[in-house]
Number of protein chains: 2
Amino acid sequence: MTEKIKIMIVDDHDMVRKGLKAYLSTEENIEIVGEASSGNQAVRSFESLRPEVILMDLIMEDGNGIEATKQILAKAPLMKVIILTSFYDDEQVFPAIEAGAMSYLLKTASSEEIIQAIHKAHRGKTVIDGKVAQKLVAGLRKSPQPFDQLTAREKEVLRLIADGKNNAEIAATLFIGIKTVKTHVSSIFSKLDVADRTQAAVYAYQNHLFTK
Amino acid sequence: MTEKIKIMIVDDHDMVRKGLKAYLSTEENIEIVGEASSGNQAVRSFESLRPEVILMDLIMEDGNGIEATKQILAKAPLMKVIILTSFYDDEQVFPAIEAGAMSYLLKTASSEEIIQAIHKAHRGKTVIDGKVAQKLVAGLRKSPQPFDQLTAREKEVLRLIADGKNNAEIAATLFIGIKTVKTHVSSIFSKLDVADRTQAAVYAYQNHLFTK
DNA sequence: GGTTCACTCAGACTTGGGACGGAGTAAAAA
DNA sequence: TTTTTACTCCGTCCCAAGTCTGAGTGAACC
């Protein structure tokens with residue numbers, strides 16, 4: 001008989017925590033040693049709870065899961081963090097992996113999948129949901145992003161274009177001449193393969209470049 | 001002693017359903033008569049399950065909650081539907097209310113809140129989460145939306161502007177003259193209070209006008 | 001019958017946008 | 001040291017963009 005795997009649940013939805021407990025209570029080899037309703041709370045309490053595996057939601061009110069994952073791994077590099085979220089968009093997946101998450105599951109996962117993932121994470125193995133994996137490879141494929149070709153200055157100019165500013169306003173904002181602005185603007189157009197400033201702004205929005 | 005309130009749970013997350021069951025199983029006056037993992041499945045099965053109150057998630061793979069709510073209320077106008085979701089953005093709240101939902105709760109709600117909402121819904125009373133209510137009144141306040149001032153034709157033109165098309169392309173697309181396009185474009189500018197087509201495109205994206 | 005409104009188009013006009021070519025400086029890479 | 005790259009700026013030229021005024025049509029409304 002092996003030791004029980006000690007896990008911690010981090011999710012701001014009370015009912016998700018309850019649901020997970022209902023899931024995992026049927027498992028003999030798993031023991032829930034604690035839970036947290038926010039990322040910050042998890043960071044504060046994981047050391048005293050001493051879990052081996054953490055089930056972490058991403059979107060939470062007080063301290064998101066990615067930041068919490070980073071901070072936890074900074075203090076406990078061997079901790080296994082399983083991301084358990086409702087979303088599988090690129091903006092979430094990449095930072096989560098970068099932050100050091102061991103696995104990435106969707107909340108649509110069945111109890112068996114989650115239990116399997118916990119066991120695998122405990123043994124140091126990664127589990128990525130199929131849909132998430134698709135996004136992942138798709139994201140890697142599109143790597144030659146035209147936007148990255150822009151220089152720092154050109155990115156500033158593009159941002160101002162996407163704000164709807166004209167060349168004179170951009171020049172005033174950046175304390176440079178209008179002619180210089182035009183040079184940057186033209187360079188942006190050729191790099192992004194667009195015809196005018198409106199298309200450049202459209203490019204910026206459709207690629208979510210400046211979504212703050 | 002009153003009769004038990006018959007409820008149905010609609011959510012594509014297995015664990016949320018489990019969590020809700022764990023919540024509600026402690027309540028004497030509530031009985032779970034069925035569940036569904038998608039909107040379409042809910043529409044197909046609610047008639048045979050005969051619930052009095054339905055707890056409905058909004059975002060689901062197969063048939064979203066708003067569409068399901070509409071279809072259910074078309075067949076059973078007295079059904080009480082409680083929306084139970086993770087989000088509280090305008091694009092979700094308004095259509096849900098329009099669709100006829102009785103209450104709107106967030107998944108961060110506690111078990112007491114949910115149980116209370118079920119009882120109130122059963123008695124025909126509405127419960128709106130505080131944050132959702134804020135969005136709601138904020139949404140009503142901003143009612144004079146410039147975009148709605150646009151005519152049908154002007155909206156078409158604005159969409160093409162937001163696609164990055166120039167006046168000649170717009171004219172060709174709509175089979176009208178360039179002069180006519182210019183008329184529409186100028187009218188759009190004055191109604192949206194913007195200076196040029198780039199700002200109009202920015203307006204469209206920042207207000208999520210054409211997010212398909 | 002008259003009024004309003006959306007849609008269409010025209011001519012005349014001004015201006016900002018953008019292309020093209022040229023050029024200087026400073027810093028980093030080779 | 002030479003080369004490359006990013007950033008800056010100038011002048012010229014052309015055209016699309018946008019304003020303004022005016023006007024005709026058909027549908028809807030009263």
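Values in this document were obtained by computation on a predicted structure and should not be read as measured data.
Applying the side chain to side chain donor-acceptor pair (under 3.5 Å) definition to pairs two or more places apart or across chains, those involving residues 34-43 of chain B are B:Arg17-B:Glu35, B:Lys21-B:Glu35, B:Ser37-B:Gln41, B:Asn40-B:Asp62. Sequence neighbours left out, the pairs with a member in residues 164-184 of chain B that pass side chain to side chain donor-acceptor pair (under 3.5 Å) are B:Asn167-B:Arg197.
Heavy atoms only, all atoms of each residue included: A:Ile7 and A:Pro51 are closest at C-CB, 4.0 Å. The shortest heavy-atom contact between A:Val202 and B:Asp163 is CG2-C, 4.3 Å. Heavy-atom minimum distance, B:Ser48 versus B:Ser45: OG-O, 3.0 Å.
Here the P atom of nucleotide D:dT8 and the CZ atom of A:Phe175 are 13 Å apart, to the nearest Å. Rounded to whole Å, the distance from CD1 on B:Ile161 to P on D:dA16 is 17 Å. Here D:dA16 presents its P atom at 14 Å from CD1 of B:Ile170, a figure rounded to the nearest Å.
For the pair B:Gln199 (side chain) and B:Ala195 (backbone), a donor-acceptor distance under 3.5 Å is present. Listed for the A:Thr85 side chain is no donor-acceptor partner under 3.5 Å among the backbone atoms of A:Leu106.
Salt bridge absent: A:Lys107 and A:Asp129 never bring a charged side-chain N and a carboxylate O closer than 4.0 Å. Taking 4.0 Å as the cut-off between side-chain N and carboxylate O, A:Glu52 and A:Lys80 do not count as a salt-bridged pair. Ionic pairing of B:Glu156 and B:Arg153 is present here: one or more N-O contacts between side-chain nitrogen and carboxylate oxygen are shorter than 4.0 angstrom.
Rounded to 10 degrees, the angle between the two end axes of the helix from C:dG1-D:dC30 to C:dA30-D:dT1 is 50°, with five pairs used at each end.
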Encode nucleotides 17-30 of chain D as B, S and - characters from 5' to 3', where the letter depends on protein heavy atoms closer than 4.0 Å: B to the base, S only to sugar-phosphate, - to neither.
BBB-----------

Going by atom type alone, with no hydrogens or angles, which donor-acceptor pairs under 3.5 Å involve a side-chain atom of residues 67-74 of chain B and a protein atom two or more places apart or on another chain?
| residue | atom | partner | partner atom | Å |
| --- | --- | --- | --- | --- |
| B:Glu67 | OE2 | B:Gln71 | NE2 | 3.4 |
| B:Thr69 | OG1 | B:Gly65 | O | 2.6 |

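In this structure, B:His184 and B:Lys179 both approach DNA chain C, and ranking their closest nucleotides by distance from the 5' end singles out B:His184.
Nucleic acid contact for A:Thr180: base, since at least one base atom lies under 4.0 Å from a heavy atom of the residue.
A nucleotide of DNA chain C counts as in contact with chain B when one of its atoms lies under 4.0 Å from a heavy atom; the first and last such, 5' to 3', are C:dA6 to C:dG11.
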